[in-house]
Amino acid sequence: MAKGFRRLPGFRDFAPEDFAARAHVFEVWRRVSRCYGFAEYDGPPLEPLDLYVEKSGREIVGQLYSFRDKGERDVSLRPEMTPSLARILAERSRSLPKPIRWFSVPQLFRYERQQRGRLREHFQWNVDIVGEEAVAADAEILAVALDGLRELGLTDTDVRARVSDRRLLTALLRALGVGEAQTLDAFTVIDKLEFEDPERSRERLANEVGMSPEGAAELLSLLAGGLGDVSARFPGRADVTEAEARLREYVAMLEAMGLGAYVELDLRIVRGLAYYTGIVFEIFDRRRGLRAICGGGRYDRLFELVGGSPLPAVGFGMGDVVLTELLREHALLPDATRSVDYYVVPVSAEERPRALELAHALRVRGRSVTYSLRQQSVGKQFKMAAAQGARRVIVLGPAELERGMAVLRDMTSGEECDVDLEELVEDDR
RNA sequence: GUGGGCGUAGCUCAGGUGGUUAGAGCGCCAGGUUGUGGCCCUGGAGGUCGCGGGUUCAAGUCCCGUCGCUCACCCCA
């Protein structure tokens with residue numbers, strides 16, 4: 001490694017091969033978004049620090065890529081898109097027809113120690129429906145995310161969405177005697193359930209949430225099963241019954257869309273961010289080696305918290321880093337071998353003006369054309385043509401030019417024929 | 001933020017117990033003559049061995065620090 005300038009840690013260069021992968025992912029994201037009727041938006045990559053401090057929760061605030069600018073403003077590179085969305089919509093949501101379907105592919109920044117799949121910068125596909133509280137909006141959002149992955153070539157054997165509902169969890173906690181003040185503490189324990197020893201979880205539910213041993217045991221057994229007998233266990237609780245019905249409807253909608261094989265109920269999912277209020281989901285690599293590819297859910301309070309008028313909302317974020325790694329493992333990235341339609345070979349300096357003329361005429365018609373920038377031997381020029389992945393080579397020599405002709409060589413078959421120069425430009429296939 | 005591992009040419013890596021001008025393969029560049037590529041042959045460029053100290057007659061090789069990468073924790077995308 002030469003001295004001089006080094007890339008900042010956690011940031012990436014995108015040489016053509018890498019850029020091709022990124023462009024491919026972005027194209028699919030945008031195409032799928034539009035298929036679902038979402039419109040693209042963006043905001044500034046730098047925002048006032050306050051936008052995040054007040055809302056995002058301490059975990060994120062500790063990772064903000066923030067500093068003071070020359071105008072003495074405390075600013076931060078955006079660590080997530082949702083606050084910007086809320087800020088933008090706070091100003092104009094009233095004049096927009098509901099539901100608002102917006103998506104974005106912002107580059108986001110977090111100042112944290114980098115690791116595989118976790119950098120200081122990444123691109124994230126954000127899709128949100130704002131202004132609709134019907135559960136169909138929740139289903140729509142997960143469907144977009146799943147179709148994005150499906151369009152990239154991942155199947156239900158590669159990835160799965162684990163879905164849960166904070167309202168159902170809250171209702172269950174109430175039914176088991178956990179008060180509102182302890183709800184978030186309970187979520188914290190639930191979030192760790194699958195990584196922690198059950199005995200330890202029971203202790204934490206007792207000590208940190210104040211549940212009785214029986215209550216803790218019952219909660220654990222409820223969460224371990226599917227949706228099975230949840231409402232049967234609490235026949236009198238309307239909140240439980242209602243939340244359960246909504247979750248069932250949600251799953252039924254995804255099944256109706258043909259995405260049922262991707263979806264799995266798992267009440268242990270609560271998501272880290274504090275602002276979620278309803279159905280939440282995370283999409284994982286089935287083989288589990290990688291982290292979550294995507295996470296999202298309903299956040300009906302956020303707009304009020306940011307100072308706007310209350311608006312129900314549901315959305316997700318999908319990062320490009322882990323996703324691209326996964327696609328690479330599954331050989332789902334297009335090969336980035338560059339190629340050109342034509343490589344023009346002037347035999348000697350005499351033919352160069354005609355070569356330039358021909359190249360330009362073809363380029364104007366949308367063909368990709370290159371030629372050697374120096375006059376070299378024909379053999380050398382053919383080497384370069386091959387190296388650049390030219391599909392065809394056009395040889396211009398004195399003998400052919402005299403007749404207004406050129407030699408056209410197909411580089412894959414090796415076949416050669418004489419062609420009329422004008423016809424070549426007019427109707428190249 | 002805490003702990004472990006690693007750091008030699010653009011890439012992948014060799015370089016027992018410290019000893020002269022640091023190597024290979026791939027890639028790159030130039031030739032193998034004047035009108036034909038992907039093979040082959042020949043030659044070449046490219047490294048202050050991450051950086052800075054220290055031990056030693058002598059360090060890529062040992063010690064310390066630092067930076068970077070990486071894994072786990074934390075947390076999340």
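Here is how names work: the chains are called A, B, and so on, in the same order as the sequence lines, proteins then strands, and each is numbered from 1. Keep in mind the model is a prediction, meaning the values are calculated, not measured.
- Here the separation of B:rU36 from B:rG31, taken at their P atoms, is 16 Å to the nearest Å.
- Of all nucleotides listed (B:rG35, B:rA77, B:rG38), B:rA77 comes nearest to the side chain of A:Val321.
- Protein atom CD of A:Gln375 is 14 Å distant from nucleotide atom P of B:rU36, rounded to whole Å.
- The residue among A:Arg409 and A:Gln376 whose nearest nucleotide of RNA chain B lies closer to the 5′ end is A:Gln376.
- Under a 3.5 Å cut-off, the side chain of A:Arg365 and the backbone N or O of A:Val425 do form a donor-acceptor pair.
- Judged purely by atom type and a 3.5 angstrom limit, A:Lys380 has no side-chain atom pairing as donor or acceptor with the backbone of A:Ser372.
- B:rG15 sits 8 Å from B:rA22 when the C1' atoms are compared, rounded to a whole Å.
- Note on A:Gly296: nothing from the nucleic acid sits closer than 4.0 angstrom, heavy atoms only.
- If you check B:rG44 for Watson-Crick or wobble pairing at under 3.5 angstrom, you find it paired to B:rC28.
- For B:rU36, the base has no donor-acceptor partner in the side chain of A:Gln381 [N/O atoms by modelled type, under 3.5 angstrom].
- At least one donor-acceptor pair under 3.5 Å links the side chain of A:Arg363 to the backbone N or O of A:Val369.
- Following rounding to the nearest Å, A:Phe284 (CZ) and B:rC76 (P) show an atom-to-atom distance of 12 Å.
- You'll find that the side chain of A:Pro398 is closest to B:rG35, out of B:rU36, B:rG38, B:rG35.
- Atom CG of A:Leu119 is separated from atom P of B:rA77 by 15 Å (rounded to the nearest Å).
- For the pair A:Glu351 CD and B:rU36 P, the computed distance is 14 Å after rounding to whole Å.
- Counting only N and O atoms by type, the side chains of A:Ser104 and A:Glu40 include no donor and acceptor under 3.5 Å apart.
- One P atom belongs to B:rG52, the other to B:rC76, and the distance between them is 40 Å to the nearest Å.
- Among the nucleotides B:rA77, B:rG37, B:rG35, the one closest to the side chain of A:Gln124 is B:rA77.
- Note: A:Tyr299 and A:Phe303 have parallel aromatic rings, judged against thresholds of 30 and 60 degrees for the angle between ring planes.
- Nearest nucleotide to the side chain of A:Pro9, out of B:rG37, B:rG68, B:rG35: B:rG68.
- The CH2 atom of A:Trp29 sits 14 Å away from the P atom of B:rA77 (whole-angstrom rounding).
- Comparing B:rU12 with B:rG54, their P atoms are spaced 32 Å from each other, to the whole Å.
- Both distances falling under 3.5 Å, in either a Watson-Crick or a G-U wobble arrangement, occur for no nucleotide opposite B:rA14.
- Taking atom NE2 of residue A:His122 and atom P of nucleotide B:rC76, one finds them 13 Å apart after rounding to whole Å.
- For the P atoms, the distance from B:rU8 to B:rA14 is 10 Å, rounded to whole Å.
- When heavy atoms are screened at a 4.0 angstrom cut-off, A:Glu400 is found touching base atoms of the nucleic acid.
- Within 4.0 Å of A:Arg374, counting heavy atoms only, lie sugar-phosphate atoms of the nucleic acid but no base atom.
- In this structure, B:rC57 forms a base pair with B:rG19, meeting either the Watson-Crick or the G-U wobble geometry with both donor-acceptor distances under 3.5 Å.
- If you find the closest nucleotide of RNA chain B to A:Glu415 and to A:Ser377, the one lying nearer the 5' end belongs to A:Ser377.
- Look at B:rG1: its Watson-Crick or wobble partner, with both distances under 3.5 angstrom, is B:rC73.
- The phosphate of B:rG35 (OP1 or OP2) has no side-chain N or O of A:Lys380 nearer than 4.0 angstrom.
- Here B:rA77 presents its P atom at 11 Å from CG of A:Leu108, a figure rounded to the nearest Å.
- Looking at heavy-atom distances under 4.0 Å, A:Met318 makes no contact with the nucleic acid at all.
- Proximity of a side-chain donor or acceptor of A:Thr277 to a complementary backbone N or O of A:Asp300 within less than 3.5 Å is detected.
- In terms of phosphate contacts, A:Arg392 brings no side-chain nitrogen or oxygen within less than 4.0 Å of OP1 or OP2 of B:rG37.
- Checked by atom type, the side-chain pair A:Thr155/A:Asp158 shows a donor-acceptor distance below 3.5 Å.
- When the C1' atom is compared between B:rA24 and B:rC63, the two are found 31 Å apart, to the nearest whole Å.
- Across the protein-nucleic acid pair, A:Tyr111 atom OH and B:rC76 atom C1' stand 18 Å apart, rounded to whole Å.
- Rounded to a whole angstrom, the distance from the P atom of B:rG1 to that of B:rU20 is 41 Å.
- B:rC57 and B:rC28 have their P atoms separated by 48 Å, given to the nearest Å.
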(request) Start with the C-alpha gap between A:Glu416 and A:Arg409, add the side-chain angles, then the distance that decides, and say whether salt bridge (Lys or Arg N to Asp or Glu O under 4.0 Å) holds. (result) CA-CA 4 Å; A:Glu416 243 173 50; A:Arg409 181 183 179 88; 2.7 Å; yes

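- Remark: B:rU66 base-pairs with B:rG50; criterion is Watson-Crick or G-U wobble with both hydrogen-bond distances under 3.5 Å.
- A:Ala390 comes within 4.0 angstrom of no nucleic acid atom, judged by non-hydrogen atoms across all strands.
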